[in-house]
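Computed from a prediction, not measured in an experiment: that's the story for all the values here. Residue numbers count from 1 along this sequence.
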Amino acid sequence: MGIFKDENGRSYGDWTHRDQRTREEANRIVKDPNEKKWYDQNFYIIMFLLLFWPVGIVLCWRSSWPLAAKIVVSILLVAMVVALAMNYNATVAALG
């Protein structure tokens, strides 16, 4: 009995039962065919909206979100960028 063999001489692991499964069943175990891609999941869209908004806004518009939500998020981001730009200009004017 080797280090990776059982008492019957077969190797350990799930591959020893590969003749009991069809390829479709094996693929179903590995990957869910209905799973969303990472860039279509709400968590990543919101994360990018908060951390790196240019990518987040693109992901938002590519997503299956309702049109009203896309418009509200876009308006909020534009308002935030304008407010930050105005704050930056006021700070530069006060310092210089």
For [X] against [Y], the heavy-atom pair lying closest together:
{"X": "L49", "Y": "G56", "value": "CD2-C, 3.4 Å"}
{"X": "I45", "Y": "S63", "value": "CD1-CB, 3.5 Å"}
{"X": "K36", "Y": "Q41", "value": "O-NE2, 3.3 Å"}

Quick one: do [X] and [Y] end up in the same hydrophobic cluster if we chain Ile, Leu, Val, Met, Phe, Trp and Tyr together by side-chain heavy atoms under 4.5 Å apart?
{"X": "V55", "Y": "I46", "result": "yes"}
{"X": "Y39", "Y": "L77", "result": "yes"}
{"X": "Y44", "Y": "L51", "result": "yes"}
{"X": "L59", "Y": "F52", "result": "yes"}
{"X": "L50", "Y": "L76", "result": "no"}

field: CE/M80: more than 12 non-hydrogen atoms of other groups inside 6.0 Å
entry: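 Open.
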message: Any non-hydrogen side-chain atom of V58 less than 4.5 Å from a side-chain atom of R62?
response: yes
query: Do V81 and W53 have side chains that get closer than 4.5 Å, going by heavy atoms?
result: yes
- prompt: What orientation do W38 and F48 show, parallel under 30°, tilted 30 to 60°, or perpendicular over 60°?
  reply: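 Because their plane-to-plane angle lies in the 30° to 60° range, the rings of W38 and F48 count as tilted.
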- request: Hydrophobic side-chain clustering at under 4.5 Å (ILVMFWY, transitive links): who's grouped with Y88? Put none if nobody.
  value: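 V92, which link up through side-chain heavy atoms under 4.5 Å apart, make up the rest of the cluster.
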message: So, using side-chain contact (heavy atoms from CB on, under 4.5 Å) as the criterion, who are the partners of W61 when residues are at least two apart?
response: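 I57, L67, K70, I71, S74.
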